**Q** 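I have a structure here, written as structure tokens, and I will follow up with some questions on it.
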Number of protein chains: 2
Amino acid sequence: MKERSAAECCPTPNTEPDLRPVEGQEADEELAALAKAVGHPARVQILRLLAHRTSCVCGDIVDELPLAQSTVSQHLKVLKEAGLIRGEVDGPRVCYCIEPRALRRLKVLVAGL
Amino acid sequence: MKERSAAECCPTPNTEPDLRPVEGQEADEELAALAKAVGHPARVQILRLLAHRTSCVCGDIVDELPLAQSTVSQHLKVLKEAGLIRGEVDGPRVCYCIEPRALRRLKVLVAGL
DNA sequence: CGATCCTATCGTTGTTTCACGATGAAAGAA
DNA sequence: TTCTTTCATCGTGAAACAACGATAGGATCG
């Protein structure tokens, strides 16, 4: 049983300010895309799981959700394509973690409404 | 040509604090539903239109968007069912305005991620 | 009254989503 | 090597979404 800490796969504190605009068509589409990714209870739950354990939970996510493995994998793909999470291969398993920059971006855009 | 001010149809400043929890299954579903409603560029644009003009814009929304009237009406319905906006009939037209409480709720939930 | 304007709804079409089981690929363990 | 574990992907079916034109209803104007 291997222990995994956040440092192993989530090496981007990345605190540089985001200079992109908060309004305009581009921001609209960006917000819509991010919000769409969050627009499913299972994906919200996944985000919370990844946020709470600052470490990355790999397939443990499947155990936490009442969904099939393939379904969870699909939701992870949606979140990844939206840029909200990142997955790194670690041997046989994959370590998912939140992409703080994208999450911050989402918060800023929503706050700008 | 009638002038419409915010006071005519948006009479709820409503500044009471929101006591609902920010986490848990219920909050997850609430956030997912709200985010889903925001998860389309046209709806984001509508929200911004309604926010900027503090007054309510009725069918003027249709003129602002490159979409058919029926499509815009459909998007308005989605936003309304999510609780994010409200529509009040004013003679032949309908006045839409943001539901500040729901928008605040969305911001709180997203910020809680 | 009839004509007009504004909006919602209906019906349709094509696309996307959601969920699942089954299959595959890659890495370790035996 | 072969077996097992872990995850992604494929294929499928049901449901939901997005967009439109057409239609209908309610309110106002003439």
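Note that the structure is predicted; figures quoted are calculated from it, not measured. Proteins come first, then strands; the chains are lettered A, B, ... in the order of their sequence lines, and each starts at number 1.
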**Q** Quick one, A/E99 with A/L103, criterion side-chain contact (heavy atoms from CB on, under 4.5 Å). Give me CA distance, side-chain angles, the key distance, then yes/no.
**A** CA-CA 6 Å; A/E99 194 79 64; A/L103 191 56; over 6 Å; no
**Q** Name the closest nucleotide to the B/P92 side chain, picking from C/dA19, D/dA18, D/dA27.
**A**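 Given the options C/dA19, D/dA18, D/dA27, the side chain of B/P92 is closest to D/dA27.
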**Q** Starting the side chain at C-beta, find the nucleotide from C/dC6, D/dC20, D/dA18 nearest to B/R93.
**A**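 Within the option list, the nearest is C/dC6.
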**Q** Starting from C1' on C/dT7, measure out to CG on B/D63 and report it in whole angstrom.
**A**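 Distance, rounded to whole Å: 13 Å.
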**Q** What is the nucleic acid contact for B/Q69, judged by heavy atoms within less than 4.0 Å: base, sugar-phosphate only, or nothing?
**A**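 Result for B/Q69 = base.
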**Q** Report which part of the nucleic acid A/K36 touches: base, sugar-phosphate, or nothing (heavy-atom distance under 4.0 Å, all strands).
**A**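 Sugar-phosphate contact only.
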**Q** Return the nearest nucleotide to the side chain of B/L67; candidates are D/dC20, C/dG21, D/dA18.
**A**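 Looking only at heavy atoms from C-beta outward on B/L67, the closest nucleotide is D/dC20.
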**Q** Could you state the CZ-C1' distance from A/R86 to D/dC7, rounded to the nearest angstrom?
**A**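 Between C1' of D/dC7 and CZ of A/R86: 18 Å.
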**Q** Under a 4.0 Å N-O cut-off, is there an ion pair linking A/R20 with A/E30?
**A**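 A/E30 and A/R20: salt-bridged.
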**Q** Grab the CZ-P distance between B/R43 and D/dC17 for me, whole Å please.
**A**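 In whole Å, D/dC17 P lies 8 Å from B/R43 CZ.
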**Q** Quick one: B/L76 CG to D/dC17 C1', roughly how many Å, whole number?
**A**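 Rounded to the whole Å, the gap is 16 Å.
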**Q** Starting at atom NE2 of B/H40, determine the distance to atom C1' of D/dA19, rounded to an integer number of angstrom.
**A**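 Nearest whole value for this atom pair: 9 Å.
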**Q** Using only side-chain N and O atoms of A/H75, determine if any of them is under 4.0 Å from OP1 or OP2 of C/dT17.
**A**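 So the side-chain polar atoms of A/H75 never come under 4.0 Å of the phosphate oxygens OP1 or OP2 of C/dT17.
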**Q** For the pair made of CD in A/Q74 and P in C/dT23, what is the distance, rounded to whole Å?
**A**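 Those two atoms, CD and P, are 19 Å apart.
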**Q** Between B/D28 and A/R48, does any side-chain N to carboxylate O distance fall below 4.0 Å?
**A**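 Answer for the salt bridge query: yes.
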**Q** Measuring from atom CD1 of A/I61 to atom NE2 of A/H75, what distance do you get when rounded to the nearest 0.5 angstrom?
**A**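 Result: 11.5 Å between the selected atoms.
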**Q** If the cut-off is 4.0 Å, is A/T71 near the phosphate of C/dC18, judged by side-chain N/O to OP1 or OP2?
**A**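 Checking A/T71 against C/dC18: no side-chain N or O falls below 4.0 Å of OP1 or OP2.
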**Q** Will you find, in the side chains of B/H52 and A/E23, an N or O donor that is under 3.5 Å from an N or O acceptor?
**A**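 Side chains of B/H52 and A/E23: pair found under 3.5 Å.
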**Q** Looking only at side-chain atoms of A/S70, point me to the closest of C/dA8, D/dT9, C/dC18.
**A**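 Nearest to the side-chain atoms of A/S70, counting from C-beta on, is D/dT9.
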**Q** Would you kindly give the CD1-to-P distance between A/I46 and D/dC7, to the nearest whole Å?
**A**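 Taking atom P of D/dC7 as the reference, CD1 of A/I46 is at 13 Å.
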**Q** Whole Å only: how far is the CD atom of B/E88 from the C1' atom of C/dC6?
**A**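 So the two atoms are 17 Å apart, to the nearest Å.
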**Q** Closest-nucleotide mapping onto DNA chain D: is A/K77 or B/V89 further toward the 5' terminus? I mean the 5' end.
**A**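 Here A/K77 is the residue nearer the 5' end.
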**Q** Nearest to the A/V94 side chain among C/dA19, D/dC7, D/dA18, which nucleotide is it?
**A**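 For the A/V94 side chain, the nearest candidate turns out to be D/dC7.
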